[in-house]
Enquirer: 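My structure is below; once you've seen it, I'll send some questions.
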Amino acid sequence: MLALIDSNNFYVSAERVFQPELQGKAGCVLSNNDGCAISRSNEAKETLGIKMGTPYFEMRELQQSGDLWWRSSNYTLYQDMMRRITAIVRRTFPDQEIYSIDECFCDLQGFKYHDLQQLALELRAKILQYTGVPVCIGIGATKTLAKVANKLAKKHHKETGVYVMETPEQVEAALKLTEIDDVWGIGPRYAIKLIRKGVYNAYDFTRLPEDFVLKLMTIQGRRTYLELHGQRCIPMEYDRPDKEGISTARSFGVMETELAPMEEALATYVANAALKLRAQRSVCSRIFVFCHTSRFAVVENLYSAGLDVKIDVPTNDTAVLIKAALGALRKIYVKGPRYQKVGIELRDLRSASQVQASLFEQVDTAKTAKLQKALKVIDQLNQNYGKDTIRYAAMGFEKKWFMKQEFLSRRFTTRLEEVIVVQAK
DNA sequence: TCTGGGGTCCTAGGACCC
DNA sequence: TCTGGGGTCCTAGGACCC
């Protein structure tokens, strides 16, 4: 069996741990740039009917009337809370895959003769007691079934927060209760197609012929189908594989029309992406640069452009990447549009140890070694003394383009002064 | 006025190789 | 009149996840 441990309304729950006055009141956490709701409390969902992705400006009245609180997203806090939760889970179920910022899968192979329901209930209580974050635990034979079980725990077993799906009868009943668009791997597009064919829930889906599913939804769809039949197709991944691409893009706090601030933003994103690149000891040989206006702009004001730049000698040197990115931006930038966003994606990643030198460029190994050493020192300084302690001039200083974060909570667990405040309380 | 960001995987079709 | 076959790589687009 596999377990899926998934936090309830995770960002909202994490905010509430350190701001208990938010408990029991409708609230939500906003996306970057305070754009729209991405995590909602039960009260916000149930009594106010706030949907995932509801824009901020549509909720403003609710806030003014005091019916709703909200916060900007604070990923530093959420990441740290998740680190604590997974550590607790690992003590009960050591074979763990961290799947996302708020959920992990565990293989329960070694627990054949245990009462899984009881173990899960105890684990859930422990997580709540130690971190203050409520979670639900779903247990099933495959990842997709564990996902189904988890959804049922959230919907129909709120008191216990645990649902174990062991017998074929339990599985069948669970699948009948699961709407088709609630199945992991079936998104809105496929859900529409399936409903047109009379497939309304997960059970209906499992009754379809396998080759029909293959034809309609390709091999990914078949994987979901087989998983619902209890056949494991999606393996556990204990070590996160290296990323195949790294992208960084943000919306501007206010629409931007000038090149200079866009260049600063872009250089900053490149520096962040390059840091991630070095962290996984990779280099990249292509960088894609793009900029565009808001997709909600009127048609005649829309503009979108992108350029893919090849880098002759694969690198993870921030300076080289910034230079390439800025060159590309200057080519695609035109004066006039009100830009909403610039971004980059590092592509063609490979291990730094497998770099193929350029035929026409002499590689000075001593110089390369020196550069790597310098980059390492910069990364270390920024880690120890705070982001941007050492920075590239192209990143600028004022950051007027920076995204909106008007309602940001404190980094309660990761800034020394914050930790002291909390401990004092 | 204001509407998120970061990923992965798969397929089809074109270009190109020998 | 008749004009191969097997393969790789790249890109664009579509779908999904959180």
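Within every chain, numbering begins at 1; the chains are lettered A, B, ... in the order of the sequence lines, protein sequences first and strands thereafter.
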Enquirer: Please check the phosphate of B:dG5 (OP1 and OP2 only) for any side-chain N or O of A:Ser251 closer than 4.0 Å.
Expert: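 Affirmative; the distance criterion is met.
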Enquirer: Let me know the distance between CD of A:Gln220 and P of B:dA12, rounded to the nearest Å.
Expert: 13 Å
Enquirer: Would you mind telling me which of C:dC17, B:dT3, C:dA15 lies closest to the side-chain atoms of A:Lys147?
Expert: C:dC17
Enquirer: Under 4.0 angstrom, heavy atoms only, what part of the nucleic acid is A:Thr248 near: base, sugar-phosphate, or nothing?
Expert: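 Contact class for A:Thr248: sugar-phosphate only.
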Enquirer: Where the side chain of A:Tyr99 is defined as all heavy atoms beyond and including C-beta, which of C:dC17, C:dT11, B:dG7 is the nearest nucleotide?
Expert: C:dC17
Enquirer: Without decimals, in angstroms, what is the distance between A:Arg347 CZ and C:dC9 P?
Expert: 18 Å
Enquirer: Are OP1 or OP2 of C:dC16 and a side-chain N or O of A:Arg223 less than 4.0 angstrom apart?
Expert: no
Enquirer: Centre-to-centre under 6.0 Å for A:Trp70 and A:Tyr11, is that the case here?
Expert: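 No - the distance between ring centres of A:Trp70 and A:Tyr11 does not fall below the 6.0 Å cut-off.
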Enquirer: Regarding A:Arg240, tell me which of base, sugar-phosphate or nothing describes its non-hydrogen contacts under 4.0 Å with the strands shown.
Expert: nothing
Enquirer: Whole angstrom is fine here: how far is it from CD in A:Glu227 over to C1' in C:dC16?
Expert: 15 Å
Enquirer: Do we get A:Arg411 above A:Tyr75's six-membered ring, with its NZ or CZ under 6.0 Å from the centre and within 45° of the axis?
Expert: no
Enquirer: How close or far is atom P of C:dC18 from atom CD1 of A:Ile98, stated in whole angstroms?
Expert: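 Rounded to the whole Å, the gap is 17 Å.
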Enquirer: Can you tell which of A:Trp401, A:Phe252, A:Tyr333, A:Phe290 makes a ring-ring contact (aromatic ring centres under 6.0 Å, His included) with A:Tyr339?
Expert: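 The single option meeting the ring-ring contact (aromatic ring centres under 6.0 Å, His included) with A:Tyr339 is A:Tyr333.
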Enquirer: For the pair made of CD1 in A:Ile186 and P in C:dC17, what is the distance, rounded to whole Å?
Expert: 8 Å
Enquirer: Of the candidate nucleotides C:dC18, B:dG4, B:dG5, which contains the atom at the shortest distance from the side chain of A:Arg250?
Expert: B:dG5
Enquirer: Compare the minimum distances between each of B:dG6, B:dT3, C:dC16 and the side chain of A:Gln340, then state the nucleotide with the smallest one.
Expert: B:dT3
Enquirer: If you check every side-chain atom of A:Ser247, which of B:dC9, B:dG7, B:dG5 has the closest atom?
Expert: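 Looking only at side-chain atoms, A:Ser247 lies closest to B:dG7.
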Enquirer: Looking at B:dC18, which nucleotide sits across from it as a Watson-Crick or G-U wobble partner, both distances under 3.5 angstrom, or is there none?
Expert: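 C:dG5 - that is the nucleotide pairing with B:dC18, both distances being under 3.5 Å.
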Enquirer: Over all strands shown, is A:Phe296 touching base, sugar-phosphate only, or nothing at heavy-atom distances under 4.0 angstrom?
Expert: base
Enquirer: Please work out if A:Gly245 contacts a base, only the sugar-phosphate, or nothing of the nucleic acid, heavy-atom cut-off 4.0 Å.
Expert: sugar-phosphate
Enquirer: Using a strict 4.0 Å threshold on nitrogen-to-oxygen distance, state whether A:Glu406 and A:Lys404 make a salt bridge.
Expert: no
Enquirer: If you check the A:Glu103 side chain, which of C:dC16, C:dC18, B:dG7 turns out closest?
Expert: C:dC18
Enquirer: Tell me what A:Met403 touches on the nucleic acid: a base, only sugar-phosphate, or nothing, going by heavy atoms under 4.0 Å.
Expert: nothing
Enquirer: So, for A:Lys154 and A:Asn8, which heavy atoms are closest and what is the spacing to 0.1 Å?
Expert: CE-OD1, 3.1 Å
Enquirer: Ignoring the backbone of A:Trp184, work out which of C:dC18, C:dC16, B:dC2 is nearest its side chain.
Expert: C:dC18
Enquirer: If you look at every strand shown and take non-hydrogen atoms under 4.0 Å, does A:Val29 touch a base, only sugar-phosphate, or nothing?
Expert: nothing
Enquirer: For A:Glu345, answer base if it contacts any base atom (sugar-phosphate contacts may also be present), sugar-phosphate if it contacts only those atoms, and nothing otherwise; contact means non-hydrogen atoms under 4.0 Å.
Expert: nothing
Enquirer: Would you indicate, yes or no, if B:dC10 has its OP1 or OP2 atom less than 4.0 angstrom from a side-chain nitrogen or oxygen of A:Thr218?
Expert: no
Enquirer: Across the strands shown, which category fits A:Arg286 at heavy-atom distances under 4.0 angstrom: base, sugar-phosphate, nothing?
Expert: sugar-phosphate
Enquirer: Whole angstrom is fine here: how far is it from CD1 in A:Ile219 over to P in C:dC16?
Expert: 15 Å
Enquirer: Between C:dC18 and B:dT3, how many Å separate the two P atoms, rounded to a whole number?
Expert: 25 Å
Enquirer: Between A:Asp308 (CG) and C:dT11 (P), how many Å, whole number?
Expert: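 These atoms are roughly 6 Å apart.
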Enquirer: Check for a donor-acceptor pair, side chain of A:Ser41 on one end and backbone N or O of A:Ala44 on the other, with a separation under 3.5 Å.
Expert: yes
Enquirer: Rounded to the nearest Å, what distance is computed from the NZ atom of residue A:Lys243 to the P atom of nucleotide B:dT8?
Expert: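 Answer to the nearest Å: 7 Å.
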Enquirer: Taking for each residue the nucleotide of DNA chain B with the nearest heavy atom, is it A:Arg60 or A:Lys276 whose nucleotide lies nearer the 5' end?
Expert: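 It is A:Arg60 whose nearest nucleotide is closer to the 5' end.
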Enquirer: For the residue pair A:Lys276 / A:Asn272, report whether a side-chain donor-acceptor contact shorter than 3.5 Å exists.
Expert: no
